[in-house]
Chemist: 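The structure follows.
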There are 2 protein chains.
Amino acid sequence: MNTAKIDPRAIRTRRLITDSFDQLMSYKDFDHISVKDITSLATINRATFYSHFVDKYELADVMLTEKIQEIMNEHFNCFEELDEKMIIKMFQSISQIHKNLFTNCRRGYDTFGQMIEEKVKEAITLIVSHLLKTDNRLEASMFSWALYGAFVEWELTSKETLEDFAKTAASALLQIIDTSLNEKIKVV
Amino acid sequence: MNTAKIDPRAIRTRRLITDSFDQLMSYKDFDHISVKDITSLATINRATFYSHFVDKYELADVMLTEKIQEIMNEHFNCFEELDEKMIIKMFQSISQIHKNLFTNCRRGYDTFGQMIEEKVKEAITLIVSHLLKTDNRLEASMFSWALYGAFVEWELTSKETLEDFAKTAASALLQIIDTSLNEKIKVV
DNA sequence: CCATATTTGTTGCTTAAGCAACACTTACTA
DNA sequence: TAGTAAGTGTTGCTTAAGCAACAAATATGG
């Protein structure tokens, strides 16, 4: 149990930092946000920032992890089938993550976008490898890359609804994990 | 020049205190608000409260002074005539003060109401004695008491508009300071 | 009315946050 | 491209805020 009571001042300061980072991100590109920007908006001392986070990348990392995890938990529980329906949900959760986090940044051209991509793919890899009940991450990883790639493709064109697009992509995605999936069925 | 830079932590803490006091006052009677109530809503330590204010009465005092002064400054500048028009403005400013501060308390039965009354009367006394260009506060004081009393009367009945009521009361009020007013005119 | 709980100020000690100065690494721009 | 500006981490020292425990004053309700 992590019952180590945290000093209320630390909680307050951390919240001030994360809040002002959120606020800055709504109208400024991550790469052009300085630590000074964050701390002066938060009305805290710059030195204090560094006693909470190593640098702004860690801050972004921590916040992304939290937010992405939060959205993922809303969408998935641990005992589901890896089928078309689930793939649709994966596309939708990525979409929601982008809606919530990409207020003003474009994918692939800044650090923040890269971090999101990395974390989302990792989250999906974990879910998939867990559902496949295997420690071998290879197929799960390829699956997540393919799925994320498909999503980016959809974002660029977005001719179909996300759900229709997901259905089209589903079969190819399921092919990737076909072997493991069959093994799992044999065992059952 | 009061250029004594204040520690940002103190500013923040003070704001937390005043904000939560404001919030508590919106649904709780002043007499039933404890220092603990204020500090736990503000998420600060009770001991810290006492390094900012002597007690909750001082807090209320300071906040009232600020808010009343603010409203008074909106309504009055120093170079006005003490006539019917000005008296109407006085009634109106009291009305506004009560609107802003009496979200949920009733006059005369709690400490807070008494404090408001005291401060408003003092503010009016100062304005009047300033306009009369005299150090003798007696008539100014009587004037302010009478005016405040009239306002309370209006609040109870409120048959007329405040402006009409103020016009009715004006002549009697001006009587009070008649002597000083005449002396002033003689001098001019 | 008396016992029990709650609130009030106060204190000594601990810790988080502020500050200023530092060397250093990127950005501008004349 | 040289030189100034702006940003980055880090440090030692100072100060505001947290905490727990205290006696004393006020509720409050059985």
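Atoms considered below: every heavy atom in the structure, side chains included; atoms not considered: hydrogens, waters and symmetry mates.
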Chemist: Would you mind reading off the distance between A:Tyr57 atom OH and D:dG9 atom C1', rounded to a whole angstrom?
Modeler: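 Whole-Å distance recorded here is 13 Å.
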
Chemist: Consider the side chain of A:Asp7, meaning its heavy atoms from C-beta on, and name the nucleotide among C:dA17, C:dA16, D:dG9 that approaches it most closely.
Modeler: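 Out of C:dA17, C:dA16, D:dG9, the nucleotide with an atom closest to A:Asp7's side chain is C:dA16.
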
Chemist: Quick one: B:Lys56 NZ to D:dT26 P, roughly how many Å, whole number?
Modeler: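 Nearest whole value for this atom pair: 13 Å.
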
Chemist: Nearest whole Å is fine: how far is D:dA17 P from A:Ile6 CD1?
Modeler: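 One finds 20 Å between P of D:dA17 and CD1 of A:Ile6, rounded.
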
Chemist: Tell me whether A:Thr18 contacts the main-chain N or O of A:Arg15 through its side chain, where contact means a donor paired with an acceptor under 3.5 Å.
Modeler: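 Side chain of A:Thr18 to backbone of A:Arg15: a pair is present.
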
Chemist: Starting at atom CD1 of B:Ile17, determine the distance to atom C1' of D:dG18, rounded to an integer number of angstrom.
Modeler: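 For the pair B:Ile17 CD1 and D:dG18 C1', the rounded distance is 13 Å.
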
Chemist: Quick check: on DNA chain D, is the nucleotide nearest B:Ile44 upstream (toward 5') of the one nearest A:Asp37, or the reverse? Name the residue that is more 5'.
Modeler: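 Taking each residue's closest nucleotide, the earlier one in sequence belongs to A:Asp37.
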
Chemist: Just to confirm, is there a sub-4.0 Å distance from OP1 or OP2 of D:dC19 to any side-chain nitrogen or oxygen of B:Asn45?
Modeler: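 So the side chain of B:Asn45 is within the cut-off, an N or O lying under 4.0 Å from OP1 or OP2 of D:dC19.
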
Chemist: Compare side-chain N and O positions of B:His52 against OP1 and OP2 of D:dA16 and report whether any pair is under 4.0 Å apart.
Modeler: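 Checking D:dA16 against B:His52, no side-chain N or O comes under 4.0 Å of OP1 or OP2.
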
Chemist: Which part of the nucleic acid does B:Ala10 contact within heavy-atom distance under 4.0 Å: base, sugar-phosphate only, or nothing?
Modeler: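 Sugar-phosphate contact only - B:Ala10 comes under 4.0 Å of backbone atoms but never of a base.
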
Chemist: Between B:Arg12 and C:dG18, does any side-chain N or O lie under 4.0 Å from OP1 or OP2?
Modeler: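 Looking at the OP1 and OP2 atoms of C:dG18, one of them is under 4.0 Å from a side-chain N or O of B:Arg12.
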
Chemist: State yes or no: do A:Leu174 and A:Met90 share one hydrophobic cluster built from I, L, V, M, F, W and Y residues joined by side-chain heavy-atom distances below 4.5 Å, directly or via other members?
Modeler: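 Yes, because A:Leu174 and A:Met90 connect within a single hydrophobic cluster, where side-chain heavy atoms sit under 4.5 Å apart.
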
Chemist: Reading DNA chain D from 5' onward, which residue's closest nucleotide shows up sooner: B:His32 or B:Thr48?
Modeler: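 Nearest nucleotide further toward 5': that of B:Thr48.
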
Chemist: From C-beta outward on B:Lys5, which listed nucleotide comes closest to its side chain: C:dT7, D:dG18, C:dA20?
Modeler: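 Per side-chain heavy atoms of B:Lys5, the pick is C:dA20.
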
Chemist: Once you apply a heavy-atom cut-off of 4.0 Å, does A:Thr43 come out as touching a base, just sugar-phosphate, or nothing?
Modeler: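 Result for A:Thr43 = sugar-phosphate.
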
Chemist: Can you check the B:Phe49 CZ to D:dA17 P distance for me, whole Å?
Modeler: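 Between P of D:dA17 and CZ of B:Phe49: 13 Å.
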
Chemist: Would you say B:Tyr50 places a side-chain N or O within less than 4.0 Å of OP1 or OP2 belonging to C:dG9?
Modeler: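 B:Tyr50 to C:dG9 OP1/OP2: side-chain N or O found under 4.0 Å.
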
Chemist: Quick one: B:Ile38 CD1 to C:dG9 P, roughly how many Å, whole number?
Modeler: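 Computing the B:Ile38:CD1 to C:dG9:P distance gives 11 Å.
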
Chemist: Exactly one of A:Asp22, A:Ile44, A:Val35, A:Leu41 should register a side chain to side chain contact (heavy atoms under 4.5 Å, CB included) with A:Ile17. Which one does?
Modeler: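 Result for side chain to side chain contact (heavy atoms under 4.5 Å, CB included) with A:Ile17: A:Ile44.
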
Chemist: If I take atom CG in residue A:Asp31 and atom C1' in nucleotide C:dA27, what distance separates them, rounded to the nearest angstrom?
Modeler: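 In whole Å, C:dA27 C1' lies 14 Å from A:Asp31 CG.
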
Chemist: Between the base of C:dG18 and the side chain of A:Arg46, is there any donor-acceptor pair under 3.5 Å?
Modeler: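 By the distance-only test, no, there is no pair.
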
Chemist: Hey, can you tell me if B:Tyr148 and B:His98 have their rings parallel, tilted or perpendicular (30° and 60° cut-offs)?
Modeler: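 Plane angle between 30° and 60°, so tilted.
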
Chemist: What is the distance, rounded to the nearest whole Å, between atom CG of A:Asp55 and atom P of C:dT25?
Modeler: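 Between P of C:dT25 and CG of A:Asp55: 17 Å.
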
Chemist: Answer yes or no on whether A:Lys56 is positioned over the face of A:Phe21, meaning its NZ or CZ is under 6.0 Å from the six-membered ring centre and within 45° of the axis.
Modeler: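 Cation-pi check for A:Lys56 and A:Phe21: fails.
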
Chemist: By nearest heavy atom, map B:Val35 and A:Arg9 onto DNA chain C; which one lands nearer the 5' end?
Modeler: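 The answer here is B:Val35.
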
